[in-house]
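Chain letters run A, B, ... following the sequence lines, proteins first, then strands; residues in each count from 1.
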Amino acid sequence: MKINKKQLNFILLGVLLSLALTIVVASPVNAQDPTPSDDDVNAIAKQLYCPVCENIPLDACGTQACIQWRGIIRDKLAEGWSEKEIKQYFVDQYGDRVLAEPPRRGLNWLVYIVPPIAFLAGAYVLYKGFRTWKAAEDSQGVEKKRNIADMPKEEVDEYILQLEAELKNR
Amino acid sequence: MKKLLVWGGLAALLIIVAIGLNRAQQGQVGVGEKAPDFTLTTFDGEAYRLKDLRGQVVVINFWASWCETCKTEAADLENAWRTYQPRGDVLFLGVDYVDTEPDAKAYLAEFDITYPNGPDKRTKISQAYRIQGVPETFIIDKNGKIVHVQIGPFRSYEEIVSYIEPLLNK
Amino acid sequence: MAADIGYGSLIIAFLASLYGVGAAIYGERGKDNRWVESARKAMLLTFPLLTIAVVSIIYLILTDQFQVNYVAQVSSRNMPLYLKVSALWGSQAGSLVFWSWLLAAFASAVTLRKWDRDRDLLPWVIVVASGTLAFFLFLNVFFENPFTRLWQTAEGVTTAMIAPGNAIPFVPRDGQGLNPLLRHPGMVIHPPTLYLGFVAFIIPYAFAIASLIAGRTDDRWIRVTRKWTLWAWLFLSLGLVLGARWAYDVLGWGGYWGWDPVEISAFMPWLTGTAFLHSVMIQEKRSMFKQWNMVLIILTYDLVIFGTFLTRSGVLSSVHSFAQSAIGPLFFVFIVLTLGGSIGLLMYRWETLKSKNSLSSFFSREALFLLNNLLFVGILVTSFWGVIFPLISEIVTGQKVTVGPPFYERATAPLFGGLMLLMGVAPLSAWGYSSWKTLGRSLWKPFLASLLAVVAVFALGIWEPWYAVIAFWLVGFVITVTVYEFWRGSMSRMRRLGESFFTALWKLVTRYRRRYGGYIIHVSMILMALGIIGIEIFQTETQGTLAQGENLRLGAYTMTYDRLDNFDADNGSRNVARAVVSVSKDGEEVAELYPRRDFYYDSQQPATIPGVHSTLADDFYVILVDWEPVSESGATFKAYHNPLVKWLWIGSWAFLFGIILTAWPEKKEKRGLA
């Protein structure tokens with residue numbers, strides 16, 4: 001019995017290892033050329049959205065407008081602008097919607113705080129519920145509790161008992 | 001209390017969706033409405049405020065250099081402008097929608113456009129007029145009312161003139 | 001002719017579904033069973049009628065009858081047969097008919113079941129199903145008619161069912177053809193599966209509402225619809241996965257999911273549906289949380305309708321949207337009515353649905369299921385809020401904003417992580433039983449084993465980002481626990497019944513399909529998660545313009561531009577510019593890829609199809625950048641390295657297997673053997 005368990009653990013380990021072994025991380029070489037490369041342009045374009053091609057990031061968009069915009073990114077990069085400056089330029093020209101996320105100010109904070117607040121509120125409600133339901137159980141179901149310490153170790157695992165009871169009953 | 005919260009939340013969400021739907025269905029600012037005010041700063045740095053242009057017929061043309069159909073009307077618009085420019089009570093304004101400056105300037109040079117043109121920064125003007133695309137043209141009478149909305153390009157010089165002519169002597 | 005038959009049957013089906021609603025209510029009120037029977041027959045009638053309508057559309061498309069406006073829009077002479085058939089759902093009007101047809105099929109199937117025990121539910125199930133059907137047919141009959149024809153009048157070409165005065169039929173020489181992006185086998189099955197999922201969820205909803213109206217508080221509606229829900233969930237999940245696959249194969253941006261509003265709107269009912277699948281088990285086992293299950297199914301139904309509304313109304317702009325149309329306000333009214341009606345009804349019955357809820361511990365199975373529900377609803381709220389916020393921003397500040405992938409990824413990743421953790425923990429806790437002590441006792445062994453996954457990850461040199469390490473650990477943990485579960489179950493059978501290991505395992509899985517099928521689904525989700533982790537966290541890309549013979553390097557891969565083939569395909573309906581690219585890894589040639597750009601003459605639109613070299617470890621994915629010139633002498637390529645992404649598709653197959661295993665109808669005679 002014990003050997004079986006170990007064997008299975010080994011098989012398991014093997015599976016996990018082979019899964020993990022399949023992970024290969026590639027890192028592109030990014031040389032600082034005087035003329036910005038396509039990759040430099042795309043790195044910024046990826047974070048921008050153009051208003052005329054809905055929900056397609058600028059690096060994957062083929063419309064004439066997008067081509068011109070990537071041209072602008074390239075020009076600005078060549079002039080030595082930083083990524084932040086270029087993004088700001090786009091926001092000034094075309095509005096906040098070019099950014100992949102609403103800028104963190106004013107009303108836009110709502111988009112960031114509502115989901116966590118809702119989640120915490122939900123968690124709180126659930127927690128309160130848990131306490132009430134636990135109290136209900138404690139007051140009615142004392143007889144279910146068994147003295148775990150008195151049982152042999154193999155039997156203590158209540159899950160196994162449960163599983164075996166289920167298997168037997170069907 | 002809880003009921004109120006549920007219904008209130010639900011109503012709020014539905015109202016937001018309803019307003020969004022209404023906007024989506026609305027279309028452009030219509031004929032007969034007062035033209036929304038804006039300030040356009042041209043590529044040359046001059047500022048034009050619509051409110052200050054009362055007493056003049058104003059032709060607001062939304063365009064972009066990446067827009068192919070805009071090119072079909074560019075020469076006609078410029079011709080019309082040259083016809084009316086000496087009178088002094090007609091003004092053409094070109095609003096450049098989500099475009100890049102070098103390409104826009106090249107476009108203006110290509111069609112030899114001499115009336116004031118400027119970028120629609122942060123798409124404020126196009127949003128106020130709720131344009132659905134480019135080109136679109138709004139013709140505004142001397143009292144600041146919209147009298148014609150052209151969706152898509154003008155087909156000829158005569159067509160443009162036919163909309164402006166009746167407004168001149170009012 | 002076929003158009004008139006089709007339109008006629010649409011109208012009759014619409015009237016029949018309206019009649020069904022009326023007759024069912026009238027029969028129920030007057031306690032007159034004949035009316036209910038009649039309503040049932042009307043419901044049954046809609047299916048053959050809509051089949052006629054669907055067949056008419058397909059017939060019109062196959063026979064190239066371009067005087068019918070819809071055919072001219074979505075088809076063209078040169079399209080292959082399978083695409084012509086799929087043109088049925090290629091645009092608004094046809095896809096609505098298709099939706100109705102599926103709904104009629106499901107509703108008919110439901111009315112055919114034995115109703116002896118649930119006679120009181122029958123009329124109301126008919127009212128809900130028939131009512132929903134009537135709404136969709138109403139849209140078709142009055143606003144989105146796929147059968148209108150083109151007419152040449154003095155003013156130009158118009159569309160109408162019946163010839164306007166002085167008009168002659170207008171027959172375009174050829175149709176515009178299907179949108180090139182939709183010309184893909186994945187796109188042929190993605191919409192129908194998604195629709196099947198959407199439509200099938202209407203059935204459990206109809207039973208839930210019927211129970212509410214009839215005032216039943218038992219869990220009969222859940223037991224009756226259990227399999228329906230599973231099949232609905234299967235199709236919805238499959239539809240989402242197929243959509244992802246299609247995006248990966250056709251859209252050419254190296255990804256599979258863009259958190260686009262329309263994608264999210266198909267994802268939201270999946271979230272509530274999945275939460276529902278879990279939480280109904282609490283009600284079945286312990287008769288608790290009846291109200292909550294009602295909330296979930298109502299949400300699922302209205303999210304289905306809401307998603308359809310978002311896609312078809314033009315409220316949100318998206319790559320997936322149908323052309324703007326007049327049906328938006330009607331959808332809105334329908335949502336207000338169904339949502340308001342359902343919630344009002346639920347509140348009316350709220351007190352009677354109260355159950356004596358009790359929990360033995362925070363670590364019992366039911367408590368963990370509730371946590372699962374919290375997480376799913378958390379993801380739902382985040383997604384919904386992200387979709388709706390741009391509307392709020394525009395209304396309040398006039399500023400348009402984009403809520404894009406970074407937002408959703410950041411906000412939902414911890415929640416998905418929590419779900420993975422639960423998948424690992426929950427199987428080891430028992431119903432109404434486990435305390436942290438018993439749970440801890442059964443958990444520590446798999447937990448320790450799963451740490452090996454972390455060791456393996458470190459051994460591979462992956463130390464950061466930290467969340468990737470956690471994600472890999474979670475993958476290892478869930479797999480360990482699930483394998484442990486199968487092993488425990490088999491061991492226990494071996495002990496009790498003296499079966500051999502494989503017999504025990506086989507019987508375990510086939511006898512307790514709901515439990516072990518569920519575990520298989522968990523593992524398949526985890527495999528999919530592995531693919532998602534790989535591509536989301538470790539994707540790299542590069543782009544370059546190559547002359548023939550030049551190469552581009554990305555990680556261990558090098559691709560060389562060998563040559564370009566340019567030819568017309570499919571009877572000259574599209575031009576193909578196909579680059580031949582050889583790929584080598586660590587100096588060894590591994591594949592020859594053919595990224596290509598198709599240009600469709602009929603619709604004048606291009607489509608970019610990537611070339612992919614796919615292995616279990618990673619995908620090397622190359623596209624021809626379609627806005628740059630492509631020629632013999634030079635072309636621009638974009639290459640992506642997508643680690644592990646194949647596991648996403650492998651997981652999908654495993655998922656399909658797991659859910660079919662779970663949902664397949666039980667064989668009755670087996671009962672005696674166990």
I'd like to check [X] versus [Y] (side-chain heavy atoms, cut-off strictly below 4.5 Å). Are they in contact?
X	Y	result
L58(A)	V98(A)	no
F472(C)	L530(C)	yes
Y408(C)	I379(C)	no
F389(C)	P102(A)	yes

Less than 4.5 Å to any heavy atom of chain C: does that hold for the side chain of [X], its backbone, both, or neither?
X	value
A43(A)	neither
L99(A)	backbone
Y49(A)	side chain
D96(A)	both
C61(A)	backbone

Inset, instruction - Enumerate by number any residue of residues 84-92 of chain A whose heavy atoms lie under 4.5 Å from heavy atoms of chain C; in the absence of such residues, state 'none'. - result: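 From residues 84-92 of chain A, none sit under 4.5 Å of chain C.
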If only side-chain N and O atoms count, and only distance matters, is there a donor-acceptor pair under 3.5 Å linking [Y] with [X]?
X	Y	value
Y557(C)	D618(C)	yes
Q543(C)	D39(A)	no
T480(C)	S450(C)	no

Portion of [X] that has a non-hydrogen atom of chain A nearer than 4.5 angstrom:
X	answer
L371(C)	both
T636(C)	side chain
F289(C)	side chain
A367(C)	both

Inset, instruction - Give a yes or no on whether E464(C) atom CD has more than 12 heavy-atom contacts from other residues, nucleotides or ligands under 6.0 Å away. - result: no
Legend entry - Top of P103(A), G129(A), G122(A), P115(A) for chain C proximity - count of heavy-atom pairs under 4.5 angstrom: P115(A)
Inset, instruction - Count the heavy-atom pairs under 4.5 Å between each of V403(C), V381(C), N373(C) and chain A, then report the option with the highest count. - result: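 Counting heavy-atom pairs under 4.5 Å, the top option is V403(C).
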Legend entry - Q539(C) side chain vs G254(C) backbone, donor-acceptor pair below 3.5 Å: yes
Legend entry - Heavy-atom donor-acceptor pair, W253(C) side chain to I56(A) backbone, under 3.5 Å: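 Pair absent, no side-chain N/O of W253(C) close to backbone of I56(A).
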Legend entry - Carboxylate-amine/guanidinium proximity below 4.0 Å for K638(C) and D59(A): yes
